[in-house]
Amino acid sequence: MSAPILELRDVEAGYGPFRALFGVSLVVGAGEAVALVGANGAGKTTLARVASGLLAPSAGSVHIDGSETDQGSLSAWRFVQAGVMHAPEGRSVFATLSVQDNLALSFQRAFGRAGLADALDRAYELFPRLGERRGQMAGTLSGGEQRMLSLARVLVESPRLLIADELSLGLAPMVVDQVFETLSHIRATGTALLIVEQQVGHALELCDRAAVLEHGLITWHGPTNEAGAVLESRLFETGATR
Amino acid sequence: MILASGFFEDLFRGLLQGTPPGAVYALIALGFVLTYKTSGVFNLAFGAQAYISAAMYFKAHSVWGWPKWAALLVSVFVLAPLVGLVLERAIFRHLRTASAVSKLVVTIGLSVALPEIFNWAARFSAVAGRQITGIVPDGAGVYYDPFGVYRFNRDELAMMAVALAGTLLLAALFRFTMMGLSMRAVVESPRMTELSGINANRVSAFAWALSSTFAGMAGVLIAPRFNSLSSGDYFTLVIIAVAAAATGLLVSLPRALLGGLGLGWFIAVFNTFLPGLADDHTWLRPFQENLTPSLPFVVLFAILVLWRAVGRQREASDPLAGVDPPPPALAALERHPKLTLFTRLFGVFFVTVVGLVVWFRADVLWMSLVTKAVIIALIYLSVTVITGMGGQISLCQGTFAAIGGFTVFQMADRFNMSVLAAALIGAALAAVVGALLSLPVLRLGGVWLAIATLAFAFFFDAVMVKFSWVGGGSTALLTGTQVPRPLIGPIDFASDRAFLVLAVVALVVVSVVVIQLREGTIGRTLAALRGSEVAAASIGISAARARIVAFAVSAAIAGLGGALLAMHQQNVNYALNFAPVVALFWLVVVVALGARTVEGAIQAGAAFALFEPLILQGELLGWIVRGEERLPEFFPLSGNWRLILFGLMAMQFARHPEGLVEHGKRRSATRINRWLESREARA
C-alpha cells in the first residue's frame with residue numbers, strides 16, 4: 001500500500017502558553033474521507049491548522065506522502081503545492097480584493113493563465129451569487145457569501161486532500177445541502193477529505209471514518225456506521241453530568 | 001482687460017512653476033503608496049532609503065568619478081533593492097501581522113538610524129554647497145521654455161517623466177500581473193496567501209526590493225534640488241508627500257500622482273498671489289511670512305482632518321490572526337509573590353543607592369544630567385498615558401512640552417510671575433491645546449492620528465514658534481528664552497540639589513496620578529477601547545470622552561515636564577529640546593523600552609539622558625577600571641553611535657512589541673518562578 005497523503009504522529013500544538021493538542025495521531029489515505037467531531041474547544045480547528053501547515057506542532061511530526069515535513073521552514077504553501085488544501089473556518093477571504101481576484105489568486109496557480117477563465121466559470125456555476133458579485137470587494141459580501149467564496153476556491157480546485165473546517169457555519173440549509181453534494185462529487189473524483197463539522201449527520205453520511213476529539217486527544221476512532229452510537233452515548237454522558 | 005490677462009498669466013506661471021516640485025512630491029508619494037500597498041507598512045523610513053541611494057550616487061559619481069550610468073546602476077538598482085531585501089528579511093517579515101502602529105514606530109527608528117549607518121559605513125559626509133548633478137547630461141544647465149512663461153531645466157523634465165512613467169508601470173503591474181495581485185494579498189493576510197499556494201515570503205521580498213528601488217530612484221532624481229544632501233530634508237519631504245498619498249487613501253497610484261502635482265500647484269499659486277495681497281493688506285503680512293514655509297504641513301493637516309474618507313479607512317484585519325499566540329499579560333501580574341516583594345525591595349535599594357551617590361558624590365555636570373533624566377522621565381509618562389494606556393501614537397508630545405516651556409518663559413518675562421505657578425498654567429494650557437487638537441484628530445485611526453499630530457508638530461515648529469508671543473521673537477534672538485529657577489519662601493531652587501529634589505517630587509506625584517488613572521474608570525475604559533472599539537461601544541462605552549481626557553492629561557504632563565526642563569536649563573532651548581524630530585526620538589525610546597508601565601517611562605528617561613555620557617563617553621567604564629586614562633583608545637565614542645543603537649533598539653522592538661524592559665522582566669520572572677517552584681516541590 002502506498003503511503004497515506006497525510007499522517008500526524010503524536011502531534012502536540014498550541015498558542016503561546018496554551019496547549020490545545022496533546023499527542024494526536026491521525027492518518028488520511030488517498031481517496032479516504034475522515035470526519036473529525038468533538039465539542040467546542042476540543043482542538044478541532046488547531047488540528048486542522050497543523051494538518052495544513054498553518055501552525056507548527058510543538059512536538060510530534062507531520063508527514064505528507066510518507067515524508068516528514070521540515071518544521072524549520074514550515075509553510076502552508078508547500079502543503080498546497082503537495083495537494084493539501086485547507087478551507088479555514090470563518091470569513092476567510094481577502095476583504096480588500098474583489099471576488100474575482102480572490103478566486104484568481106488560487107486558480108491561476110492551479111490551472112495557469114489558460115485555465116483561469118474556465119475555473120472561474122465553474123466557481124460561478126457552483127455559487128451563482130458569486131458570479132453576480134464578481135467585481136465587488138469581498139469584505140462587503142454577507143457572511144454566508146464570504147463562506148461561499150472561500151469554499152469555491154477549494155471546491156473547484158479539487159485537490160488531493162481537502163481539509164474543511166466548519167464548512168456549513170453561517171450557510172443556509174439549502175446551500176449546506178448543495179455544498180455537501182459538491183463534496184461527495186469531488187470525493188468521487190478522488191479527493192480525500194478531512195472534515196471538521198458540527199453538522200454531524202451530514203459529515204458522517206459523507207465519510208468512511210470518524211475520529212472523536214476530546215480535550216486535545218483522540219478518544220475514539222472507527223468506521224462511521226459505529227460512530228453514531230458512540231456519539232450518542234457521549235452526548236448523553238455530557239448531558240447527564242450537567 | 002490688462003489686469004485679467006496679468007492674472008491668468010500669473011496663474012499659468014504659478015502652475016508651471018509648481019509642476020517640478022509637484023513632481024517631487026508625486027515621486028515620493030508614489031513610492032510611499034507602493035510600499036504601503038505591497039507591505040502594509042506606513043514607511044516613514046522611505047526618505048532614509050531615498051537618501052542612501054542619493055548619497056551613494058553622489059559618492060560614486062562626484063567623489064570617485066564614476067560615469068553617471070554606473071553610479072546610477074550601483075546606487076539605484078543594486079544598493080537600493082539590497083537595502084529593501086535586508087529590511088524585509090531582518091525586520092518586516094517578523095512584523096507582517098503586527099499592528100500598523102508598531103510598524104510605524106519601527107520605521108521612525110529606521111528613518112533616524114539608516115542614514116547614520118550608511119554615513120558611517122561609507123564614510124560619507126555631505127559637503128555643504130556641493131550639489132548633486134542630475135542623471136541627465138547637463139541637467140541643470142539646459143532649459144526649455146515651451147510656453148514663454150516658465151523655464152524647465154532637464155533635471156526637472158526627467159523627474160516629471162519618471163513620475164509619469166512610474167505611475168503607468170506600477171498601475172500596469174497591479175492591474176495585469178499575478179505578482180501585483182499576490183502583493184496585495186500578502187499585505188492583507190500572509191497566511192491566507194500561503195493557503196492559496198503562494199510563497200508569501202518570496203512575494204514580500206520582491207515587494208520590498210521593488211519599493212526600495214523606487215525610493216532610490218526618487219532619491220537620486222530629487223537630489224539636485226537640495227544645496228547639500230541631508231537626511232532631514234528627505235524626511236520632511238516624506239511627511240509632505242504623505243498629504244499627496246493620503247488623497248489616494250494610500251492605495252491609488254494615479255491619485256498619488258495627481259495629489260503630488262496638486263500640492264505643488266497649490267503651493268506655487270499661493271506663493272504667487274499672497275505677496276501681492278499682503279502688499280495691499282498689511283494685516284496679511286505676518287501670515288505670509290510665517291505660513292509659507294509651513295504650507296505643506298497645513299495642507300497635510302487639512303486633508304487628514306477635513307477629508308472624511310481618511311478617517312473612515314480602517315485596516316483590514318487578517319482573518320487568520322487567531323493562529324498567532326495571544327499577547328501575554330504584564331509580567332508583574334503573573335510572578336510569584338515572593339519575587340514581587342524581592343523586586344520591590346531591590347528597586348527601593350537601587351534607587352536609594354543611586355540617590356545617595358548622586359547626592360554626595362556627583363559634580364555639577366552629573367547632578368544636572370540626573371535632573372534632566374528625572375524630568376525627561378516625567379515627560380515620558382505623557383507617552384505612557386496616550387500610547388501605553390490609550391493605544392494611540394501622538395507625535396507632538398514635544399510640542400506640548402514646548403507649550404509648557406514657553407508659557408513659563410513668557411509669564412516670567414512679561415509679568416514677573418512665579419515660575420511654579422507659570423508651570424501649572426503651562427500644563428493647563430497644554431491640556432487645553434491637547435483637548436482641542438484631539439477633537440478633530442481622534443476620529444482618525446492609528447497611523448493617521450500619528451501623522452496628523454506630526455503635521456501639527458511641524459506646523460507649530462514652522463509658524464507658532466516664530467511669533468513673539470510664543471517664542472519670544474527678536475528679544476529671544478538676542479538674549480535667549482531665559483527662565484529663572486523657582487523660589488518658594490526661604491527655599492531657593494537655584495541650588496542644583498534643591499532643584500533635583502523638586503524634580504523628583506514632581507515625578508513621584510505624576511507617577512501616582514498616572515497609576516491612579518490607569519486603575520480608575522478612564523484607564524479601564526481605555527483598556528477596553530484598545531481591545532475592541534466595537535465591543536466597547538456595544539456595552540455603552542463612549543470612546544470620545546475617555547480619549548479626550550487621555551489626550552488632555554497626556555498634554556498636561558508633557559507641558560509640566562517641558563516647564564520643568566526649561567527651569568532646569570534656565571532656558572527653553574526649543575530647537576534642542578522640543579523640535580519635532582526630538583519628539584519622534586522620544587516616542588521610539590519609550591515604546592521600545594516599555595510604554596505600558598511607569599517603570600518603563602522612568603527607564604526610558606534615564607536611557608535618553610544618561611546613555612551618551614555614561615556609556616558612549618566611557619564614564620561608567622572609566623569608573624570601573626579606575627581612571628579615564630586606562631580606557632580603551634576608541635573612547636569616547638562618537639555621538640552618532642547613539643543614533644545607530646537607537647535604530648537597533650527600534651529593530652529589537654519589532655521582535656518584542658511589549659517593550660524590551662517588559663520582555664526582560666518576563667523572561668527573568670519565568671526563570672525565577674520555575675526555580676522557586678522546583679524548590680517548593682522539593683521541600
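These numbers were taken from a predicted model, which means no experiment stands behind them.
Close approach to chain A, defined as a heavy atom under 4.5 Å from one of its heavy atoms, is seen in Phe176(B), Met178(B), Leu181(B), Ser182(B) of residues 174-183 of chain B, taken by number.
At least one donor-acceptor pair under 3.5 Å links the side chain of Ser67(A) to the backbone N or O of Ile64(A).
Side chains of Asn43(B) and Thr107(B): no donor on one and acceptor on the other come within 3.5 Å.
For Arg255(B), there are no side chain to side chain donor-acceptor pair (under 3.5 Å) partners at least two apart in sequence or on another chain. Qualifying salt bridge (charged side-chain N to carboxylate O under 4.0 Å, His left out) partners for Glu89(A), counting only residues two or more places apart in sequence or in other chains: none.
If you tally non-hydrogen atom pairs under 4.5 Å between each of Asn201(B), Leu195(B), Ile198(B) and chain A, the highest count goes to Leu195(B). Looking only at heavy-atom pairs under 4.5 Å with chain B, the residue among Arg153(A), Met85(A), Arg109(A) that has the most is Arg109(A).
Between Phe32(B) and Phe46(B), the two ring planes are perpendicular [angle over 60°; tilted spans 30° to 60°].
Screening residues 98-140 of chain A for ring-ring contact (aromatic ring centres under 6.0 Å, His included), with sequence neighbours left out, gives Phe107(A)-Phe111(A).
Note on Arg9(A) versus Glu7(A): salt bridge recorded, some NZ/NE/NH1/NH2 to OD/OE distance being below 4.0 Å.
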